[in-house]
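Just so you know, ligand 1 is whichever comes first in the structure, and atom 1 is the first atom listed for that ligand.
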Amino acid sequence: MRIENDIKLDYKDVIIKPKRSEAPSRKKITLERTYRFLNSKTSWTGVPIIAANMDTTGTMKMGTELAKHRMMTCLHKHYPADKLINYFDKNQNASCDNVFFTLGIKDIDFEKLIQVAHSVDEIRNICVDVANGYTEFFVDRVKRIREKFKDSVIMAGNICTPEMVSELLLSGAADIIKIGIGPGSVCTTRIIAGVGYPQLSAIIECADAAHGLKGHVCADGGCTQPGDIAKAFGAGADFVMLGNMFAGHEECEGEWQYMVSKNDLDWTVLDKTCTREELTNQGWPHIKKHSLVFYGMSSKKAIDKYSGGLNCYRAAEGKITKVPYKGGVSDEEGVVQKITGGLKSTCAYVGASSLKDLPKCTTFVRCYRTHNDIFGS
Ligand code: 5GP
């Protein structure tokens with residue numbers, strides 16, 4: 001047994017110190033980045049925010065909508081091949097450069113990737129996603145995918161320590177390493193397994209290792225507000241992946257809970273999930289979305305849905321909760337505007353003229369209280 005005594009930090013442990021500078025005008029601050037990837041040798045330009053490959057948020061609708069803002073989406077891995085083929089067919093969908101095909105490490109996942117890729121000529125972005133990226137089998141799988149898809153951008157994870165970053169970039173030939181064990185909003189790995197790593201320190205240490213090799217990292221999980229995203233980029237993340245911040249938006253899929261009204265004034269929230277069609281058939285003239293069931297992809301709900309239920313050697317490592325309906329991601333004062341507005345504000349406070357300059361302009365201050373929450377956060 002060993003104990004590491006160095007202090008490790010999470011988003012909530014720090015704030016970013018403002019700096020005297022010729023503050024750039026927010027209008028001129030650019031959030032677009034251009035990356036050239038280590039192993040695929042291809043380039044991508046856009047705003048490096050990614051919707052998580054959870055079955056509620058990693059949807060095709062999300063992919064299409066976020067692409068309008070040059071943001072990305074990791075499609076969840078449970079879409080059937082024919083739907084994916086339809087979506088990835090470039091003539092029908094111009095947003096594919098900003099969408100990842102996600103797969104796990106089962107043979108059946110690999111076969112689906114091959115089938116879809118053959119039908120659409122090319123898969124530009126591939127995300128190989130497992131809860132525990134620390135196995136040799138995982139590195140071998142990433143390598144095998146690289147052998148078949150030489151020009152695709154491959155993102156692989158999750159891990160949270162630098163030695164695994166080098167392993168996946170060099171042996172696995174991935175381009176982007178996804179960082180985060182246990183920080184997610186609906187994750188219980190740290191409770192069930194007692195395993196993880198404080199996310200801000202994980203990003204700092206993993207980004208350093210990746211950048212030394214000309215690789216990239218994606219900070220995955222734990223952002224609860226736009227300021228956390230700024231902290232992730234300030235710490236060196238090249239991409240930031242978000243689950244709960246996108247959950248509950250119009251572009252999500254899953255079990256919606258509705259509220260109904262006869263007169264458009266008095267609303268009743270229904271306590272069970274019904275479809276809109278069922279409510280229309282019941283004669284309700286006014287129907288609105290109220291909330292969405294949001295759950296971890298390793299929660300009992302997801303395991304029951306996709307893996308035929310828990311078995312005796314596996315515990316669920318995810319929560320099941322509900323998030324309020326939040327409208328469309330592109331709405332005025334919606335999540336996209338909050339994220340981009342927040343990041344531009346961070347850049348202005350520290351004197352960065354672009355997102356690219358944010359890490360070198362960032363000084364974190366350790367603190368015990370980042371904000372005043374007397375009226376909520
Ligand atoms: P959030 O942005 O909601 O804090 O975190 C999203 C991330 O949480 C996902 O991208 C994924 O890495 C992680 N995640 C999603 N579901 C689960 C789960 O059931 N268990 C664990 N350990 N992590 C999860």
Which residue holds the protein heavy atom closest to [atom], what is that atom called, and what is the gap in Å?
| atom | answer |
| --- | --- |
| atom 3 (O) of ligand 1 | S185 OG, 2.6 Å |
| atom 5 (O) of ligand 1 | G221 CA, 3.3 Å |
| atom 2 (O) of ligand 1 | G243 N, 2.8 Å |
| atom 8 (O) of ligand 1 | G184 CA, 3.8 Å |

For residues 334-345, which side-chain donor-acceptor pairs fall under 3.5 Å, sequence neighbours excluded?
unit_1: Q337; atom_1: OE1; unit_2: E333; atom_2: N; d: 2.7
unit_1: T340; atom_1: OG1; unit_2: V336; atom_2: O; d: 2.9
unit_1: T340; atom_1: OG1; unit_2: Q337; atom_2: O; d: 3.3

Give the minimum heavy-atom separation between [X] and [Y], together with the two atoms involved.
| X | Y | result |
| --- | --- | --- |
| V139 | S171 | CG1-CB, 3.9 Å |
| I287 | W284 | CD1-O, 3.8 Å |
| N125 | D97 | ND2-O, 2.9 Å |

Within ligand 1, which atoms have a heavy atom of L242 less than 4.0 Å away?
2 (O)

Would you mind finding which of T57, V195, I320, D220 brings a heavy atom closest to atom 11 (C) of ligand 1?
D220

Does R276 count as lying over the ring of Y258, i.e. NZ or CZ under 6.0 Å from the six-ring centre, within 45 degrees of the axis?
no

Does ligand 1 have any atom sitting under 4.0 Å from a heavy atom of A131?
no

Looking at ligand 1, does S299 have a heavy atom less than 4.0 Å from it?
yes

Report yes if some N/O of [X] lies less than 3.5 Å from some N/O of ligand 1; otherwise report no.
| X | value |
| --- | --- |
| C187 | no |
| Y295 | no |
| P183 | no |
| S298 | yes |
| M297 | yes |
| E317 | yes |

Would you say the rings of H290 and Y325 are close, in the sense that their centroids are separated by under 6.0 Å?
no

What do you reckon, are the aromatic ring centroids of Y87 and Y79 less than 6.0 Å apart?
no

Any protein heavy atom lying closer than 4.0 Å to atom 14 (N) of ligand 1?
no

Within one Ile-Leu-Val-Met-Phe-Trp-Tyr cluster: F294 and I303, side-chain cutoff 4.5 Å:
no

Just let me know how M245 lines up against ligand 1, side chain, backbone, both or neither, with a heavy-atom cut-off below 4.0 Å.
neither

Given that the side chain starts at C-beta and the backbone is N, CA, C, O, which of these parts of T224 lies under 4.0 Å from ligand 1, counting heavy atoms, or is it both or neither?
neither

Does the plane of the ring in F88 sit parallel, tilted or perpendicular to the ring in F101? Use 30° and 60° as the thresholds.
tilted

Backbone of D266 reached by a side-chain donor or acceptor of S261 within 3.5 Å:
yes

